[in-house]
Structure formats: structure tokens, C-alpha cells
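First comes the structure, then the notes that go with it.
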Amino acid sequence: MSQKLRHDQILSILEKRGYVTVRYLVNTLHYSSATINRDLNEMQILGLVKRSYGGVEAVKKSSLPPLLQRQFYMKKEKRRIAHEASKLIQNGDTLFLDSGTTVQYLVPFLSDKKDLTVITNNMRLAIELGDLDIDVICLGGHIVERPYVLDGDETVENAMKFQVDKMFFSVDSITEDGYISGGHYLLYKVMLKNSERAYLLTDETKIADRLDIKLCNFSALTGVISDFEFSDETKKLYPNVEFVCAKE
């Protein structure tokens, strides 16, 4: 079988599953591990996939503007969403806060909280929280979005060590029926598993008609905090999820 066809088969699997292990590809496609690894290495050089922690994920072509621009978009909406999120944080909590710009707006609302521990892959957030009376753990890893967002094998391996009370994160895109797509696929998978409660912070600009890669749907979450009301149909799909609208 041609190398091009193998590449197409791998990309088709990744489009459906997002992330898979090398062993999964070997068992599914019935090629040797040496052949699969050789293909994955070449596909990574071509920018088609990203190898990560014993497996591989598709490279998502982001339509988002640079991080330093995004942090100034929709400031009022992000501040309201963050304010609602802060009401869920209790003294003594251990939190995972991701690198999303909406999550950064939580910082001023944490100044009166006591005995917090925050784990993050956002170096700027770690520095800002370091000025408060908060125990901050930065996960380390490679800078994947300049100047201060971290991810990669080291980031994921470090994240596996922690269990947290609450996870707050934002993603690239969502669908109206509650599916989520995020760039830090494996990191989010780990932290969703290791969090007692998980909250998505999102705004109306994130709604997409379809997703190339699906992280999960709202059933994996405790709550969704947004600047708009989700439809009754969506809420009925996820009866155990708390929907909080932070409209003005």
C-alpha cells in the first residue's frame, strides 16, 4: 500500500478521534509499529500531525488571531464571565486554570480568596497570581503560543501528577449542541479526568457550525459559563450540567 494512502488513513482516524496512540494505529491499520512511526515522523515534518506522549494528534489550523490580540477582545464580556466563575471558587480550593484569555480575567477576583492553589500552563497567569497570596504551580513544557502558553509532553506528564477541585478553561470552538474543540487536546483530557468539577468559560464568538476535532461534549463538564443563553434544546441534552449566563 502506498505511503500516501497510509497518511490519508491516519488523518481520517485523527479527524474522528482527535488523539490516538501508536498502538491503536498499529492494531487498527495492521501495519508494523516501525512503519507507523516512520509515517508519523514524516507527517510531523510536513506539519500534518503533532506527536505527543506516545501517540499523535492532528494539527488544527487555527483561525484565531494571535494571543496578544485576543486578550483585548470582548473585555467586558470576559470580565463578566470570569466574575461569575469566581463565585464558584471557595477558600482552600486547588484549581487548574488554563491559558485561555477569558480565564486570565479571573485574577482580580481571586485576591480575597484564602489558601488557594493554582496549577496552570500559562506563564503570565502564574506571574500575576504570584503577586497574590496564592500557591502557584506552573506546569512547564515548551512555549507553543508565544509569549507565554506552555504545552507538550512535559506539560502533560506534570499535569498527570495533580488532582484538582475545579478546572476552569476556555476553548477555540463550540457547537450549539454542546461539542467542544480545544488546542491543548491531551492536556485537557488529563485535567478533565483529574478534576472533581470542570467549568467551561465561553462566549458567543466561539460558536461554530462544525468541528474538525472534538475534545468532548458538555456531558464531561460540571457547568458552562457564557455571555449568552443556550437554547432549551441544548440544556435538555445535558440535564446534569449547570448553565450560567453572564449577560449584562
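For CG of Asp209, the number of neighbouring non-hydrogen atoms (other residues, nucleotides, ligands) closer than 6.0 Å is 12 at most. Other residues, nucleotides and ligands place no more than 12 heavy atoms under 6.0 Å from the CG atom of Asp133. Within a 6.0 Å radius of CD in Glu176, no more than 12 heavy atoms belonging to other residues, nucleotides or ligands are found. Remark: Tyr179 OH is loosely packed, at most 12 non-hydrogen atoms of other residues, nucleotides or ligands lying under 6.0 Å away.
Using a 4.5 Å cut-off on side-chain heavy atoms (C-beta onward), Asp39 and Gln9 make no contact. With contacts defined as side-chain heavy-atom distances shorter than 4.5 Å, the pair His184/Ser99 qualifies. Side-chain contact between Val22 and Leu25 is absent, with no heavy atoms from C-beta onward closer than 4.5 Å. Counting heavy atoms from C-beta on, the side chains of Asp98 and Val171 never come closer than 4.5 Å. Here the side chains of Leu139 and Leu150 are not in contact, with every heavy-atom distance at 4.5 Å or above. Considering only heavy atoms from C-beta on, Glu77 comes within 4.5 Å of Arg80 through its side chain. You'll find the side chain of Asn41 reaches within 4.5 Å of the side chain of Arg51, heavy atoms only.
In this structure, a donor-acceptor pair under 3.5 Å is absent between the side chains of Asn122 and Thr120.
Ile119 and Val107 fall into different hydrophobic clusters, defined by Ile, Leu, Val, Met, Phe, Trp and Tyr side-chain heavy atoms under 4.5 Å apart, directly or through other members. Linking ILVMFWY residues whenever their side-chain heavy atoms come closer than 4.5 Å, directly or via other members, places Phe228 and Phe243 in the same cluster.
Residue Asp135 holds its CG atom at 10.5 Å from CG of Leu129, rounded to the nearest 0.5 Å. Distance check: Ile174 CD1 to Ile207 CD1 gives 5.0 Å after rounding to the nearest 0.5 Å. Ser33 contributes atom OG, which lies 11.0 Å from atom CG of Leu40 (distance to the nearest 0.5 angstrom).
No donor-acceptor pair under 3.5 Å is formed between the side chain of Ser195 and the backbone N or O of Leu192. Under the 3.5 Å distance criterion, the side-chain polar atoms of Asp172 are left unmatched by any main-chain donor or acceptor of Ser181. The closest donor-acceptor contact from the side chain of Lys189 to the backbone of Leu215 lies under 3.5 Å. Although no hydrogens or angles enter the test, the distance criterion places no donor-acceptor pair under 3.5 Å between the side chain of Thr175 and the main chain of Ala208.
Closest heavy-atom contact between Ala220 and Cys216: CB-SG, 4.0 Å. Summarising the geometry of Asp177 relative to Tyr238, their closest heavy-atom pair is O-OH, 2.7 Å, with the distance given to 0.1 Å. Contact detail for His142 and Thr155: the closest heavy-atom pair is N-OG1, 4.3 Å. Nearest heavy-atom pair across Phe230 and Ser226 is CE1-OG, 3.7 Å. Annotation for Tyr31 and Val26: closest pair O-CG1, 3.2 Å, computed over non-hydrogen atoms. In terms of heavy atoms, Asp203 sits closest to Asp227 at CA-OD1, 3.2 Å.
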Using residues 81-97 as the side-chain source, report each donor-acceptor pair under 3.5 Å to any protein atom, sequence neighbours left out, with the distance given to one decimal.
{"from": "Glu84", "atom 1": "OE2", "to": "Lys87", "atom 2": "NZ", "distance (Å)": "3.2"}
{"from": "Ser86", "atom 1": "OG", "to": "His83", "atom 2": "O", "distance (Å)": "2.6"}
{"from": "Asn91", "atom 1": "OD1", "to": "Lys114", "atom 2": "N", "distance (Å)": "2.9"}
{"from": "Asp93", "atom 1": "OD2", "to": "Gln90", "atom 2": "N", "distance (Å)": "2.8"}
{"from": "Asp93", "atom 1": "OD2", "to": "Lys166", "atom 2": "NZ", "distance (Å)": "2.7"}

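Taking the charged nitrogens against the carboxylate oxygens, Arg124 and Glu128 do have a contact shorter than 4.0 Å, which makes a salt bridge. Classification of Glu204 and Lys247 as a salt-bridged pair fails, no side-chain N sitting under 4.0 Å from a carboxylate O.
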task = Dump the intermediate steps for side-chain contact (heavy atoms from CB on, under 4.5 Å) on Met43 and Arg6, then the final yes or no.
result = CA-CA 11 Å; Met43 292 172 74; Arg6 292 199 305 271; over 6 Å; no
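Note: Phe168 and Tyr199 have parallel aromatic rings, judged against thresholds of 30 and 60 degrees for the angle between ring planes.
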